[in-house]
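One structure is given below, encoded as structure tokens.
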Amino acid sequence: MTKRELAPTFVPADIEPRMYQHWVDSGYFTADSSSPKEPFTIVIPPPNVTGNLHIGHALDQTLQDCLTRMKRMQGYEALWLPGMDHAGIATQNVVEKQLAAQGLTRHDLGREEFVKKVWEWKAESGGQILGQMKRLGDSVDWTREAFTMNETLSQAVLTIFKKLYDQELIYRAERIINWCPRCLTALSDIEVEHSDDEGELVSIRYGTGDSEIIVATTRAETMLGDTAVAVHPDDERYAHMIGKTVTVPLINREIPVVADAHVDPAFGTGAVKVTPAHDPNDFEIGLRHNLENLVILDADAKVVNTNSAFDGMDRYEARKAVVEALRAEGRIVAEKRPYIHAVGHCSRCDTTVEPRLSKQWFVKVAPLAKAAGDAVRDGRVKIEPEELAPRYFEWVDGMHDWCISRQLWWGHRIPVWYGPNGEVIVVGPGESAPAGYEQDPDVLDTWFSSALWPFSTLGWPNNTEDLKKFYPTSVLVTGYDILFFWVARMMMFGLFAMDGVPPFGTIVLHGLVRDQFGKKMSKSKGNVVDPLEFIDKYGADALRFTLARGSNPGKDQALAEDWIAGSRNFATKLWNATRFAMMNGVTVEGDLPPVSALNAIDKWILSRLSETTAEYSELLSTYEFARASEVIYHFAWDDLCDWYLELSKEAFASGNAQATQRVLGYVLDQLFRLLHPVMPFITEELWTTFTGGETLMTAAWPASNSSHLDKDSEELITQLQRVITEVRRFRNDQGVKPSQKIPGRFIAPADVAQYSSAMAFLLKLELGDFTPSASVEIGNIKCELDLSGAVDVEAERARLEKDLATAKKDLATAEVKLNNQGFMAKAPESVVAEIRERQAATTADIERITAQLAALK
RNA sequence: GGGUGGUUAGCUCAGUGGUAGAGCGUCUCGUUUACACCGAGAAUGUCGGGGGUUCGAAACCCUCACCGCCCA
């Protein structure tokens, strides 16, 4: 063992990067699939290859690293598997933007060249987030780094596609899908974000005279594609119209009035226009009534096929023109502007989504989603916190078929080939299509491959050692915001592909990181923070501790730079406490002295350590990161630094501290182990320096030692703390400077009096003979003091009167209870006893304070 | 419209039946050799409103108000 000196101050930047590299080089992060140890597996929610580490990643990864490091220390074969997602639209957009700067589009390059270009971009500037994860200290197994477009993961995609197709869980159909007219691709429901936008609500009169009917719309241009008007079957206002036709203005098309129970008679006029090709609800109505699907908007959202003056206009231009033309014909009955309503936007480029009829590939989700729901319902998979389970059920139980085809070039190309005579075949891994067949030009939704992540990253479809050892994964840690995007899909595909074995045992959901006022971070608000800046400024440990400390299960957390500074202060505190220990000969060598040989102060800290260890471990293993952090923080700062070290200073100063040197050594050793998962860098530095050990990463996790629990010592130290606090308060009230030594002595029972010198040392009292001029009483303990000058009687009286008032109030509340017959009859004995004790104690206090007040006069 | 979470100290939040807590901030004193990224002391709450259950409610029930999120 080689002990080193501790630098005078802790500078995170000086140790973090080299320490991280050392960890990687030493193979501590690398999991062994042939190990006999029980596995513990986490797969990282793969960040986008285009992404940079934002504060949400920092939180997510801190929690995962925390669990991984703890489990590793607990003797598990811990695997935290890193990797990235190819992020179809996002990545394609990035590269297209680069091309646009040169005046090129992807079509100028052609498909093959463009995809090559994307790979080049990835090699050069993709995956920056991986380096940033290292700054955070993530103990991920870099030897297993995965990427959704890699060869093995692509094989997994082909395999499952074919398997789903063969079981008729993938089909091709003409449906209304969400279409982004800018990205020129279909989007799944979850790639659409709704916001309340300003629009217009225009009421239009169709038909004339008796066959007149008024409909309202926010998209007037869609009237060009109307093929019906629908009313509720029970709506008497329109009973006479059902089955008849009305004329659509401008294009003079006769369309039927149909009765459909899905029409809300209370909304507007109770009659709705039906545009089956451009609205999902209308499409459904169309199916029920055999209506024609008139496509009147093309891929760019320009009007087509109407044989009118509107052809060629884009949707907004046409909306205006259509309203103008209707107004000129006197067809506009009412206009509401602005009209606030929910509008869907492309989650990638924010363009307003256009519902569009088109031929796409779908996953039939009903059976898969059922299984995904059941796995949670029957308890095979737990959701933490369980309050979020209803959201999960709401989603999986009401999921629409999943549109998986995307009109992009970057992604897994759909393995379907079409023959010259309309044949359709799916080409699995290792197979090839017959000559003359052409492959479907579309690629798969990015989430299709992400849904395979928990097993594709372990080598599936091959039955690899990794897959055998590490599947199913233990926990999935992610934000509740992607419960639907990703988690539900992994559940569906995991259960399907892995013969009903769910991809993880527990889903741990955390919240979002918000700004210091609890507001959502957004670029437009300018309140977005950069975790890397915080790491530069305060160290990774400080950021990690702050995030863990703020992470209550499933709840959002506010984050302010001040809190991170506070965590940095905590790190400094640990550093300095260790320096103090080291300069006082504290050691981890030799056996811990038997408890019977220890003084109450040493017994007390061991007892507190044991309690803290148990509580903290329990909280961490139940994903209560905030509460765990709070517990360890107060143990380290309050119990250890503020009390134990202070109470022990007299022993160190007097050179009579052999037992304490060893006890403190033990406590620090254990504390560093406990803190290591959250604050890996500083604990590693302190521990290796202090103990001379090789690494804390594989050191054993502390066990709570019940033989150290000692309620008597805890009670005694609590008494000492009260005495010390009261004397300090008295000195403060009397204007005695903290550093000024004054004569003092304790008149107390033997167990307390035994620690007179320890108390005197930290109270700056000189024990000895003197004539007291003042005294402080705490229960049956008296501290006599010589202020060697005038006692500030007024200050003392004010203090005593305040204490008296408090005591009287406490006594009153206690007596109200004791005089309450209901309470005496029904409250449990222990509670009654407690109130009685309180009554006795406050009564004694009142007597004592009253006497003191009398003596002052 | 349907779900769902919240309302506790100046701010951000813990606290699932027995005298209201933390961090930060505020005020006072202090460079006592671990630490001023510190120490000591102090102040600060009709726990959103109303009703109910209970010996006892911040907590359980009902109701209202106001914020937020998810889904339509």
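The model shown is predicted, which means the values in this text are computed figures rather than measured ones. Order of the sequence lines sets the chain letters (A, B, ...), proteins ahead of strands, with each chain counted from 1.
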Check your understanding: So what does the secondary structure string of RNA chain B come out as, 5' to 3', with Watson-Crick or wobble pairs under 3.5 angstrom, [ ] for crossing and | for pairs with another strand?
Key -> ((((((((.[[[[.)..(..]]]].(((((.......))))).....[[[[[..)....]]]]]))))))).

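A salt bridge (charged side-chain N to carboxylate O under 4.0 Å, His left out) check over residues 557-583 of chain A, counting only residues at least two apart or in different chains, returns the pairs A:K537-A:E561. Screening residues 732-744 of chain A for salt bridge (charged side-chain N to carboxylate O under 4.0 Å, His left out) gives A:D733-A:R799 as the qualifying pairs, with residues at least two apart or on separate chains. Among residue pairs with one or both ends in residues 539-549 of chain A, those qualifying as salt bridge (charged side-chain N to carboxylate O under 4.0 Å, His left out) are A:D65-A:R544, A:R549-A:E630; sequence neighbours excluded.
Side-chain proximity of A:K817 to B:C69, B:C35, B:G18: nearest is B:G18. When distances run from any side-chain atom of A:A577 to the nucleotides B:C35, B:A34, B:U32, the shortest one goes to B:A34. The A:E394 side chain lies nearest to B:G2 when the options are B:G39, B:G2, B:A43. If you check B:U32, B:A42, B:U12 against the side chain of A:K802, the one that comes closest is B:A42. Set against B:C13, B:A34, B:G18, the side chain of A:E834 has B:G18 as its closest nucleotide. For A:P738, taking side-chain heavy atoms from C-beta onward, the closest of the listed nucleotides B:G30, B:C71, B:A42 is B:G30. Looking at the side chain of A:N576, the nearest of the listed nucleotides B:A40, B:A34, B:A42 is B:A34.
Counting to the nearest Å, the C1' atom of B:C70 and the CG atom of A:L509 are 13 Å from each other. B:G23 atom C1' lies 13 Å from atom CD1 of A:I564, rounded to whole Å. Regarding A:D481, its CG atom lies at a distance of 16 Å from the C1' atom of B:U4, rounded to whole Å. The distance between atom CG of A:D638 and atom P of B:C38, rounded to the nearest whole Å, is 13 Å. For A:F517 and B:G68, the CZ to P distance is 17 Å, given to the nearest whole Å. Atom CG of A:D556 is separated from atom C1' of B:A14 by 16 Å (rounded to the nearest Å). Between the CG atom of A:D733 and the P atom of B:A43 there is a distance of 10 Å, rounded to whole Å. Counting to the nearest Å, the P atom of B:U19 and the CD atom of A:Q839 are 16 Å from each other.
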Every protein N/O lying under 3.5 Å from an N/O of nucleotides 53-55 of chain B:
{"from": "B:C55", "atom 1": "OP1", "to": "A:K826", "atom 2": "NZ", "distance (Å)": "2.1"}
{"from": "B:C55", "atom 1": "O4'", "to": "A:G822", "atom 2": "O", "distance (Å)": "3.4"}
{"from": "B:C55", "atom 1": "O2'", "to": "A:N820", "atom 2": "ND2", "distance (Å)": "2.7"}

Produce the list of close N/O pairs, under 3.5 Å, pairing protein atoms with atoms of nucleotides 24-28 of chain B; give distances to one decimal.
none

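For A:K737, a side-chain nitrogen or oxygen approaches OP1 or OP2 of B:G30 to under 4.0 Å. Taking only side-chain nitrogens and oxygens, A:R729 comes nearer than 4.0 Å to OP1 or OP2 of B:A42. The side chain of A:R391 contributes no N or O atom lying less than 4.0 Å from OP1 or OP2 of B:U4. Of the side-chain N and O atoms in A:T725, one or more sit less than 4.0 angstrom from OP1 or OP2 of B:G41. At B:U33, none of the side-chain N or O atoms of A:K649 fall inside 4.0 Å of OP1 or OP2 (strictly under the cut-off). For A:K573 and B:G39, the shortest distance from a side-chain N or O to OP1 or OP2 is below 4.0 Å.
Comparing B:G68 with B:G25, their C1' atoms are spaced 26 Å from each other, to the whole Å. Nucleotides B:A34 and B:G10, compared at atom C1', are 33 Å apart to the nearest Å. As rounded to the nearest Å, B:C11 and B:U26 have C1' atoms that lie 12 Å from one another. Taking atom P on both B:C61 and B:U7, the two are 14 Å apart, rounded to the nearest angstrom. Between B:U31 and B:A36, the distance separating the two C1' atoms is 8 Å to the nearest Å. When the C1' atom is compared between B:G17 and B:G56, the two are found 8 Å apart, to the nearest whole Å. Look at the P atom in both B:G1 and B:G18: the space between them is 39 Å, to the nearest Å. With both ends at atom P, the span from B:C69 to B:A57 equals 35 Å, rounded to whole Å.
With sequence neighbours left out, the ring-ring contact (aromatic ring centres under 6.0 Å, His included) criterion links A:F580 to A:F652. Not counting sequence neighbours, the partners of A:W575 by the ring-ring contact (aromatic ring centres under 6.0 Å, His included) test are A:F10. Scanning for ring-ring contact (aromatic ring centres under 6.0 Å, His included) contacts around A:Y633 gives A:F570, A:W637, with sequence neighbours left out. Looking at residues two or more places apart in sequence or on another chain, you find no salt bridge (Lys or Arg N to Asp or Glu O under 4.0 Å) involving A:R662. Qualifying ring-ring contact (aromatic ring centres under 6.0 Å, His included) partners for A:F681, counting only residues two or more places apart in sequence or in other chains: A:W23.
With hydrogens and angles ignored, a donor-acceptor pair under 3.5 angstrom links the side chain of A:R568 to the base of B:C37.
Residue-environment remark: CD (A:Q740) exceeds the threshold of 12 foreign heavy atoms within 6.0 Å.
Electrostatic pairing of A:K555 and A:E387 does not count as a salt bridge here, judged by no charged N lying under 4.0 Å from a carboxylate O. Remark: A:E834 engages A:R838 in a salt bridge, criterion side-chain N to carboxylate O under 4.0 Å. With salt bridges taken as basic N to acidic carboxylate O contacts below 4.0 Å, none links A:E394 and A:R391.
Mapping A:W643 and A:E624 onto RNA chain B by nearest heavy atom places A:E624 closer to the 5' end of the strand. Between A:R838 and A:F10, it is A:R838 whose nearest contact on RNA chain B lies nearer the 5' terminus.
No cation-pi contact links A:K826 to A:F823, judged by a cut-off of 6.0 Å to the six-membered ring centre and 45° from its axis.
Residue contacts for A:N584: at a heavy-atom cut-off of 4.0 Å it reaches no nucleic acid atom on any strand shown. Across all strands shown, A:E646 has heavy atoms under 4.0 Å from base atoms, whether or not it also approaches the sugar-phosphate. Note on A:K809: nothing from the nucleic acid sits closer than 4.0 angstrom, heavy atoms only.
When only modelled atom types and interatomic distance are considered, A:W643 and A:D638 share no side-chain donor-acceptor pair under 3.5 Å.
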Review item, side-chain donor-acceptor pairs of residues 808-817 of chain A, under 3.5 Å, at least two apart:
{"from": "A:T813", "atom 1": "OG1", "to": "A:K809", "atom 2": "O", "distance (Å)": "3.3"}
{"from": "A:T813", "atom 1": "OG1", "to": "A:D810", "atom 2": "O", "distance (Å)": "2.8"}
{"from": "A:E815", "atom 1": "OE2", "to": "A:Q839", "atom 2": "NE2", "distance (Å)": "3.3"}

